[in-house]
Amino acid sequence: MRRAFANYIVIIPHYSENDLAKEFKAEFGDNIEILNENASNDPATCTTIVNNFVSKKVDLIMANATPALQAAANATMNIPILGTSITEY
């Protein structure tokens, strides 16, 4: 079985991201690797993080907050993006 990657970027850490990681792990067990990257409230860092995810050919990007989602949407048309805590699409 192929190992899936669920990666997420956050602008500012939030308790919900821990819940999300737990849910993914509960569903997929050892068949998923979760990489958590924090952009430290810097939209430019979001772009760097997302470009790293794209180069790794991850299976899913979870973007928490509008700047993270916008960076992900600008970086790929081929990787599914799950956006949370979005105020502007």
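Every value quoted in this text rests on a predicted model; they were computed, and no experiment measured them. Side chains are part of it too, since the values below use all heavy atoms of this structure and drop only hydrogens, waters and symmetry mates.
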**Report entry** Check: I61 and L82 side chains under 4.5 Å, non-hydrogen atoms
**Finding:** no
Query raised in the report: Should I81 and L69 count as side-chain neighbours, where that means a heavy-atom distance under 4.5 Å?
Result: yes
Query raised in the report: If you measure from CZ on F28 to CD on E33, what distance do you get to the nearest 0.5 Å?
Result: 14.5 Å
Query - T66 side-chain N/O to T87 backbone N/O, donor-acceptor pair under 3.5 Å - result: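 Checking the backbone N and O of T87 against the side chain of T66, a donor-acceptor pair under 3.5 Å is found.
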Query raised in the report: Does D42 offer a backbone N or O that forms a donor-acceptor pair with the side chain of S40 under 3.5 Å?
Result: no
Requested in this report: Output, in order, the C-alpha distance, side-chain angles, deciding distance and verdict of side-chain contact (heavy atoms from CB on, under 4.5 Å) for D59 and I79.
Outcome: CA-CA 6 Å; D59 298 303; I79 299 171; over 6 Å; no
Query raised in the report: Where do C46 and A71 come nearest, in terms of heavy atoms and distance?
Result: CB-CB, 3.8 Å
Report task. Please identify each residue that fulfils side chain to side chain contact (heavy atoms under 4.5 Å, CB included) with N51, with sequence neighbours left out. Result ->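 Expected list: T47, A75.
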Report task. Tell me, with the steps shown, if L35 and K56 meet side-chain contact (heavy atoms from CB on, under 4.5 Å). Result -> CA-CA 11 Å; L35 305 173; K56 289 182 177 182; 4.0 Å; yes
